[in-house]
K.L.:
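Sharing a structure here in structure tokens format.
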Amino acid sequence: MDSKAYLRELALKQVEYANSPANQALRDKWYAHNGLEDKCPLIVFEEETFKKELYSLRCEDSDERFIEEQLLQNITAHELINDDKVVPNFFKIPVKIDIKLLEVDRKRTVSKEGLGYHDEPVLIDLEADLSKLSPSTFFYDNEMTQHLEDVASELIGDILPMKRVNETNYWQFAITQHVVALMGMENMFYAMYDYPDKFHELMQFLVDDHKRFLRWQEQNGLLFSNSGNDYMGSGSFCFNRELKQHGNALANETWGHVNSQESVGISAEMYGEFIFPYCEQMAREFGLLYYGCCEPVDGLWDDYLSRLPNLRKISISAWCDEAAMAEKLKDSRVIYSRKPSPNFIGVDPVLDEDAFLSYMKKTIDLTRDCYTEIIFRDVYTIHHNPDKVKRAVELVRGLL
């Protein structure tokens, strides 16, 4: 079979899964879940970090590999994991956006495995170096975006409609990640103490720069409605009937994601002084908000995070007091987005079912009165054993 026939066969298989009654029922469950109409938990197992253990690419042409990988990822995740991700009834075309952050030249060294990295600090002494910063420059490669859409449309456009998506925004509005990229974590912590006014100036500069980035996207038709089967960052999905449903959108018509993983080393009071005001400003840009990723939120909830505007989901990571947050979110309008420890799946070649069941039963029992989703992330190997992942999903379903 030649590559074109092969890709069309994959597209037809994705359409078959996408149009199945079971997949339609899953869509309905997500709308009810995100709309706070159904407390039955949904399960997501994010395969992005171990997808190379699920399939191998056959195509040699780079454009065809782009199409093959997206189709294979959707199909194999459905067949081998069978969680509550909805198989898309479209083909994604990511718009090609790049940013030169604050007009500084950054040097990043990445580990051989591609997981760890080190950014060479640009800002060492805020008092001396803050003046180096200028507003960021934004770039859109329309030619490459259109090329990918044209190629995919020609090959499979009669099977799957094309849908442009903006993947840049999944993680872009976590302001402290940019601070660490500019100055390193240790320098960031020292700067709060040594130059508090300058640190506030830096944070406001970054927030204003990111608001300007949103306006640029709006003006250039690069911000799209994400009310359907759209990823939102941190593992969850955007299904909702409250925001704009189709086409280009303003930021306040979309679902946004904000977090501050890098500030876990400071007290709640310092978070409230140096971080929260800027997270709150970013949150106000969006119609609905998902907050958090790996950082624990229990110590920040009462005084700060509970005040975030438009908050609909909050990440309850493995480092969070899940019992405390279950009590705080009981019967609230904020979804308990649980991130279990990845160790059960990613460390041992064989799943310890008894230990895993005991661990997950605690979460299920604690959250009976919450709107809950369970999102497995940061699993970097499954030891080439997808049955272990599928079994983990089955075990959690058995607890619901």
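In this text the structure is predicted, and so the values were computed from the model without any measurement. Both backbone and side-chain heavy atoms feed into the values below; hydrogens, waters and symmetry mates do not.
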K.L.:
Can you tell which of Glu46, Lys313, Lys339 makes a side chain to side chain donor-acceptor pair (under 3.5 Å) with Ser234?
P.N.:
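For Ser234, the side chain to side chain donor-acceptor pair (under 3.5 Å) check succeeds only for Lys339.
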K.L.:
Verify whether the ring centers belonging to Phe344 and Tyr359 lie closer than 6.0 Å.
P.N.:
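When the ring centroids of Phe344 and Tyr359 are compared, they turn out to be within the sub-6.0 Å range.
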K.L.:
Any chance you could measure Leu42, atom CG, to Asp84, atom CG, to the nearest 0.5 Å?
P.N.:
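Atom-to-atom, Leu42:CG and Asp84:CG are 5.0 Å apart.
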K.L.:
Leu155 versus Arg8: any side-chain heavy-atom pair under 4.5 Å?
P.N.:
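Of all side-chain heavy-atom pairs linking Arg8 with Leu155, none is under 4.5 Å.
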K.L.:
Regarding Lys4 and Glu154, does a basic nitrogen lie under 4.0 Å from an acidic carboxylate oxygen?
P.N.:
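Result for this pair is no, no salt bridge flagged.
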K.L.:
Using a strict 4.0 Å threshold on nitrogen-to-oxygen distance, state whether Arg391 and Glu353 make a salt bridge.
P.N.:
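Result for this pair is yes, salt bridge flagged.
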K.L.:
Which of these, Asp209, Leu102, Asp208, sits in a side-chain contact (heavy atoms from CB on, under 4.5 Å) with Pro135?
P.N.:
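Going through the options one by one, the only one that passes is Asp209.
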K.L.:
Got a second to check how far Ile335's CD1 is from His33's NE2, nearest 0.5 Å?
P.N.:
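If we round to the nearest 0.5 Å, Ile335:CD1 and His33:NE2 are 4.0 Å apart.
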K.L.:
Could you grab the distance from atom CD of Glu280 to atom CZ of Arg307, nearest 0.5 Å is fine?
P.N.:
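One finds 6.0 Å between CD of Glu280 and CZ of Arg307.
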K.L.:
Which atoms form the tightest heavy-atom contact between Ile375 and Pro340, and what is the distance?
P.N.:
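Distance-wise, the nearest heavy atoms are O-CD, 3.2 Å.
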K.L.:
Can Asp387 and Lys390 be counted as an ion pair, charged N to O under 4.0 angstrom?
P.N.:
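No, this pair does not count.
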K.L.:
Is any side-chain N of the basic residue among Arg164 and Glu149 closer than 4.0 Å to the acidic one's carboxylate O?
P.N.:
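Answer for the salt bridge query: yes.
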K.L.:
Name the residue from Asn169, Asn248, Thr168 that meets the side chain to side chain donor-acceptor pair (under 3.5 Å) definition with Gln217.
P.N.:
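Only one of Asn169, Asn248, Thr168 forms a side chain to side chain donor-acceptor pair (under 3.5 Å) with Gln217, namely Asn169.
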K.L.:
Specify the closest pair of heavy atoms between Ile99 and Ser136, including all atoms of both residues, with the distance to one decimal.
P.N.:
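For Ile99 versus Ser136, the nearest heavy atoms are CG2-CB, 4.0 Å.
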K.L.:
Give me the atom names and distance for the closest heavy-atom approach of Ile81 to Leu54.
P.N.:
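That would be CD1-CD1, 4.3 Å.
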K.L.:
Give me the one residue out of Asp298, Asp321, Asp302 that meets side chain to side chain donor-acceptor pair (under 3.5 Å) with Lys328.
P.N.:
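It is Asp302; the other options fail the test.
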K.L.:
Please determine if Lys13 and Glu16 form a salt bridge, counting it only when a charged side-chain N lies under 4.0 Å from a carboxylate O.
P.N.:
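Answer for the salt bridge query: no.
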K.L.:
Can you check side-chain hydrogen bond (donor to acceptor under 3.5 Å, both in side chains) on Thr381 and Glu53, steps first, answer last?
P.N.:
CA-CA 8 Å; Thr381 181; Glu53 296 183 37; 2.8 Å; yes
K.L.:
Can you check whether Leu80 reaches Val389 side chain to side chain, under 4.5 Å on heavy atoms?
P.N.:
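No; the side chains remain at least 4.5 Å from each other.
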K.L.:
Evaluate the ring planes of Tyr170 and Tyr231, with Trp represented by its six-membered ring, and classify them as parallel (under 30°), tilted (30 to 60°) or perpendicular (over 60°).
P.N.:
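Tyr170 vs Tyr231 ring planes: perpendicular.
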K.L.:
For Lys100, I'd like to know if atom NZ has over 12 heavy atoms of other residues, nucleotides or ligands within 6.0 Å.
P.N.:
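Enclosed.
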K.L.:
Should Leu329 and Tyr371 be regarded as members of a common hydrophobic cluster, given that ILVMFWY residues are connected when their side-chain heavy atoms come within less than 4.5 Å of each other, either directly or indirectly?
P.N.:
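No, Leu329 does not connect to Tyr371 through the hydrophobic network.
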K.L.:
Mark yes when over 12 heavy atoms from residues, nucleotides or ligands other than Tyr193 sit less than 6.0 Å from its OH; otherwise mark no.
P.N.:
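Atom OH in Tyr193 is not crowded, with 12 or fewer foreign heavy atoms closer than 6.0 Å.
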K.L.:
Strictly below 4.0 Å, N to O, side chains only: are Arg377 and Glu48 in salt-bridge contact?
P.N.:
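Between Glu48 and Arg377 there is no salt bridge, as every charged N stays at least 4.0 Å from the carboxylate O atoms.
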K.L.:
Taking the inter-plane angle between the rings of Phe274 and His200 on a 0 to 90° scale, is it parallel (under 30°), tilted (30 to 60°) or perpendicular (over 60°)?
P.N.:
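It falls in the parallel class, under 30°.
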K.L.:
Taking side-chain contact (heavy atoms from CB on, under 4.5 Å) as the criterion, tell me which of Asp125, Leu126, Ile124, Asp129 meets it with Met183.
P.N.:
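Per the side-chain contact (heavy atoms from CB on, under 4.5 Å) rule, the option paired with Met183 is Leu126, out of Asp125, Leu126, Ile124, Asp129.
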K.L.:
Taking Arg338 first and then Glu322, would you say they form a salt bridge - that is, a charged N and a carboxylate O separated by under 4.0 Å?
P.N.:
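A salt bridge is present here (some side-chain N lies under 4.0 Å from a carboxylate O).
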K.L.:
Applying salt bridge (Lys or Arg N to Asp or Glu O under 4.0 Å), run through Asp352 and Lys388 and close with a yes or a no.
P.N.:
CA-CA 10 Å; Asp352 184 337; Lys388 175 173 58 170; over 6 Å; no
K.L.:
Using the six-membered ring wherever Trp is involved, compare the ring planes of Phe356 and Phe376 and label them parallel, tilted or perpendicular (cut-offs 30° and 60°).
P.N.:
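Rings of Phe356 and Phe376: tilted, 30 to 60°.
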K.L.:
Are Phe173 and Phe286 close enough, and set up right, to give a ring-ring contact (aromatic ring centres under 6.0 Å, His included), and what steps lead you there?
P.N.:
CA-CA 11 Å; Phe173 304 104; Phe286 303 104; 5.4 Å; yes
K.L.:
In this structure, are over 12 heavy atoms from other groups packed under 6.0 Å from Glu167 atom CD?
P.N.:
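Counting neighbours around CD of Glu167, more than 12 heavy atoms of other residues, nucleotides or ligands fall under 6.0 Å, so yes.
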K.L.:
In terms of hydrophobic clustering (I, L, V, M, F, W, Y; side-chain heavy atoms under 4.5 Å; direct or indirect links), are Trp30 and Tyr336 co-clustered?
P.N.:
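No, no single cluster joins them.
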K.L.:
Can you check whether Ser267 reaches Met270 side chain to side chain, under 4.5 Å on heavy atoms?
P.N.:
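Side chain of Ser267 against side chain of Met270, heavy atoms only: contact under 4.5 Å found.
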K.L.:
Looking only at heavy atoms, which two atoms of Thr367 and Ala326 are closest? And how far apart?
P.N.:
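Minimum heavy-atom separation between Thr367 and Ala326: CG2-CB, 4.3 Å.
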K.L.:
What is the minimum heavy-atom distance between Asn229 and Val87, and which atoms define it?
P.N.:
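Distance-wise, the nearest heavy atoms are ND2-C, 4.0 Å.
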K.L.:
Should the ring pair His257 and Trp171 be called parallel, tilted or perpendicular, given that the plane angle runs from 0 to 90° and is split at 30 and 60?
P.N.:
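Rings of His257 and Trp171: perpendicular, over 60°.
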K.L.:
Are Phe199 and Leu101 linked, directly or through intermediate hydrophobic residues, by side-chain heavy-atom contacts shorter than 4.5 Å (ILVMFWY only)?
P.N.:
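Yes, Leu101 and Phe199 fall within the same hydrophobic cluster.
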K.L.:
Under 30°, 30 to 60°, or over 60°: which ring-plane class applies to Trp216 and Phe213, parallel, tilted or perpendicular?
P.N.:
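If you compare the ring of Trp216 with that of Phe213, the planes turn out parallel.
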K.L.:
Can we call the ring centroids of Trp255 and Tyr290 under 6.0 Å apart?
P.N.:
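Between Tyr290 and Trp255, which both carry aromatic rings, the centre distance is not below 6.0 Å.
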K.L.:
Between Ser225 and Gln245, does a side-chain hydrogen bond (donor to acceptor under 3.5 Å, both in side chains) hold up when you go through it step by step?
P.N.:
CA-CA 6 Å; Ser225 164; Gln245 296 298 297; 6.0 Å; no
K.L.:
Do you know the tightest heavy-atom contact between Leu308 and Phe276?
P.N.:
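Scanning both residues, the minimum pair turns out to be CD2-CE1, 3.6 Å.
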K.L.:
For the pair Glu285 and Arg215, evaluate salt bridge (Lys or Arg N to Asp or Glu O under 4.0 Å) and give the outcome as yes or no after the intermediate values.
P.N.:
CA-CA 10 Å; Glu285 292 294 312; Arg215 302 293 85 78; 3.0 Å; yes
K.L.:
Hey, mind stepping through Arg65 and Glu69 against salt bridge (Lys or Arg N to Asp or Glu O under 4.0 Å) and telling me if it holds?
P.N.:
CA-CA 6 Å; Arg65 286 172 74 86; Glu69 179 158 25; over 6 Å; no
K.L.:
So for atom CD, which belongs to Glu143, do other residues, nucleotides or ligands contribute more than 12 heavy atoms lying within a distance under 6.0 Å?
P.N.:
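Not buried by this count: 12 neighbours or fewer within 6.0 Å.
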K.L.:
Is Tyr31 atom OH crowded by more than 12 heavy atoms from other residues, nucleotides or ligands, each under 6.0 Å away?
P.N.:
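Yes, enclosed.
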K.L.:
Taking only Lys NZ, Arg NE, NH1 and NH2, and the carboxylate oxygens of Asp or Glu, determine whether Arg368 and Asp365 approach each other closer than 4.0 Å.
P.N.:
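The answer is yes: the pair qualifies as a salt bridge.
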K.L.:
Any chance you could measure Gln70, atom CD, to Ile75, atom CD1, to the nearest 0.5 Å?
P.N.:
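Here the rounded value is 10.5 Å.
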K.L.:
Going by the angle between their ring planes, with limits at 30° and 60°, are Phe91 and Phe66 parallel, tilted or perpendicular?
P.N.:
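If you compare the ring of Phe91 with that of Phe66, the planes turn out perpendicular.
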K.L.:
Using a strict threshold of under 4.0 Å (side-chain N to carboxylate O), is an ion pair present between Asp230 and Lys92?
P.N.:
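Salt bridge between Lys92 and Asp230, a charged N being under 4.0 Å from a carboxylate O: no.
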K.L.:
Side chains of Tyr17 and Glu79: is there a donor and an acceptor less than 3.5 Å apart?
P.N.:
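The answer is yes; a qualifying pair exists.
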K.L.:
Please test Tyr278 against Val258 for side-chain contact (heavy atoms from CB on, under 4.5 Å), starting from the C-alpha separation and ending with a verdict.
P.N.:
CA-CA 10 Å; Tyr278 308 101; Val258 174; over 6 Å; no
K.L.:
Which distance, rounded to the nearest 0.5 Å, do you find between the NE2 of His118 and the CZ of Arg108?
P.N.:
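His118 atom NE2 to Arg108 atom CZ measures 10.5 Å (nearest 0.5 Å).
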K.L.:
Does a side-chain heavy-atom distance below 4.5 Å link Lys362 with Leu366?
P.N.:
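SC-SC contact between Lys362 and Leu366 confirmed.
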